[in-house]
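Okay, so here's the structure we're looking at.
Quick caveat, the model's predicted, so the values are computed rather than measured. Worth knowing before you read on, the calculation uses all heavy atoms, side chains too, and leaves out hydrogens, waters and symmetry mates.
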Protein chains: 2
Amino acid sequence: MALSLDEIDRRLLTELQADADRTNVELARLVGLSPAATLHRVRRLKEAGVIRRITAELDPDLAGFPLRAYVSVTLARHTPTAERAFQAALQDIPQVVVAEVVAGETDLLIQIVARDVPELQRVLTRLSVHGAQRIVTLLHLQEIKTRSPLPLTDPA
Amino acid sequence: MALSLDEIDRRLLTELQADADRTNVELARLVGLSPAATLHRVRRLKEAGVIRRITAELDPDLAGFPLRAYVSVTLARHTPTAERAFQAALQDIPQVVVAEVVAGETDLLIQIVARDVPELQRVLTRLSVHGAQRIVTLLHLQEIKTRSPLPLTDPA
DNA sequence: GATGAAATAGCATTTGC
DNA sequence: GCAAATGCTATTTCATC
């Protein structure tokens with residue numbers, strides 16, 4: 001599943017994770033390649049899917065979402081139909097910004113954003129309605145380490 | 001803490017969250033503004049901090065990190081010193097890509113990436129060594145809903 | 001097979017309105 | 001917020017190692 005990336009690819013990916021808001025010539029200088037070669041490599045990394053997308057990361061507070069929560073969910077019934085129905089419901093709840101199947105103490109882990117407490121509560125209620133049994137909520141209090149780049153250049 | 005954003009700002013932010021890999025003229029067409037005005041607004045949003053950064057989102061599998069885990073941590077001692085020491089340790093572990101203080105069943109929630117099981121285990125051991133008491137690991141199995149934009153245009 | 005250099009078309013950015 | 005102007009960049013092409 002993993003692609004073979006050489007040292008220059010890894011440096012490109014590291015730089016682009018840290019800051020993708022730079023010109024191609026700037027990026028080229030950083031990795032010591034010509035702009036043309038740099039452009040070619042970055043395009044290949046996008047086409048290969050290693051770079052999923054270039055995106056704007058917002059400050060949730062400043063954007064009007066002071067409440068964030070992690071919600072771990074255990075489903076009431078574990079039939080394939082019930083699971084698919086629940087997953088479809090998650091797609092339709094815009095305040096659910098991430099959802100994953102996990103292995104461990106729970107079945108699913110969901111990330112929620114909300115503008116205020118009533119909105120948070122409405123989302124939790126919707127989860128219950130759609131088949132969530134045990135719901136454990138962890139309310140975000142403080143960021144310790146903000147999303148950091150994958151450690152591509154580290155010794156394995 | 002929240003900024004006042006008008007409808008055009010919200011559309012700009014929504015578009016940039018979905019795909020920031022577009023030219024300014026393209027973005028201008030999408031929101032119905034001139035390129036100059038669009039550039040001005042986007043720059044203001046960056047300076048205000050609503051846009052934290054523009055970043056490349058990678059595919060963790062293709063980038064060589066097939067193992068991801070959420071780890072909830074309860075600290076052995078809750079003295080300010082112990083907490084600060086633990087948080088400092090997190091900054092130094094490159095496989096820890098996100099860390100937050102939460103309220104609920106646990107104290108901290110951490111996101112980890114690893115290339116293989118031994119690497120994952122090494123990280124978990126480092127967490128124990130630095131003061132983590134109860135460690136609950138949720139291993140990522142499958143993405144249900146990939147990181148979605150903040151629902152800026154939704155009715156509150 | 002990937003890189004570099006040169007050329008063109010298009011864009012980012014500024015200024016004045 | 002818009003329109004026009006300029007300097008720079010993205011992008012292509014072609015030659016090269």
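Put simply, the side chain of A:T55 gets close to the backbone of B:Q17: a donor and an acceptor are under 3.5 Å apart. In terms of modelled atom types and a separation under 3.5 Å, the side chain of B:T137 and the main chain of B:V71 share no donor-acceptor contact. In this structure, B:R22 contributes its side chain and B:E15 its backbone to a donor-acceptor pair below 3.5 Å.
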Expected list for residues 84-94 of chain B: side-chain donor-acceptor pairs under 3.5 angstrom, two or more places apart:
unit_1: B:Q91; atom_1: NE2; unit_2: A:I144; atom_2: O; d: 2.8

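A:Q111 is linked by a side chain to side chain contact (heavy atoms under 4.5 Å, CB included) to A:Y70, A:V97, A:V98, B:Y70, B:Q111, B:R147, counting only residues two or more places apart in sequence or in another chain.
Note on the helix from C:dG1-D:dC17 to C:dC17-D:dG1: angle between the axes of the first and last five pairs equals 40°, rounded to 10 degrees.
A salt bridge links B:D61 to B:R68: at least one charged side-chain nitrogen sits closer than 4.0 Å to a carboxylate oxygen.
Interface residues of residues 31-55 of chain B facing DNA chain C, ordered by number: B:A36, B:L39, B:R43; criterion, heavy-atom separation under 4.0 Å. Within residues 8-30 of chain B, the residues having any heavy atom closer than 4.0 Å to DNA chain C are, in order of number, B:T23, B:N24, B:V25.
Shown here is A:Q121, whose CD atom has no more than 12 heavy atoms of other residues, nucleotides or ligands within 6.0 Å. Applying the 6.0 Å contact sphere to CD of A:Q142 captures more than 12 heavy atoms from other residues, nucleotides or ligands.
Listed by first and then second residue, the side chain to side chain donor-acceptor pair (under 3.5 Å) pairs involving residues 123-136 of chain B are A:E105-B:R134 (not counting sequence neighbours).
Proximity of A:I51 to B:L58: side-chain heavy atoms (C-beta onward) are separated by under 4.5 Å at one or more points.
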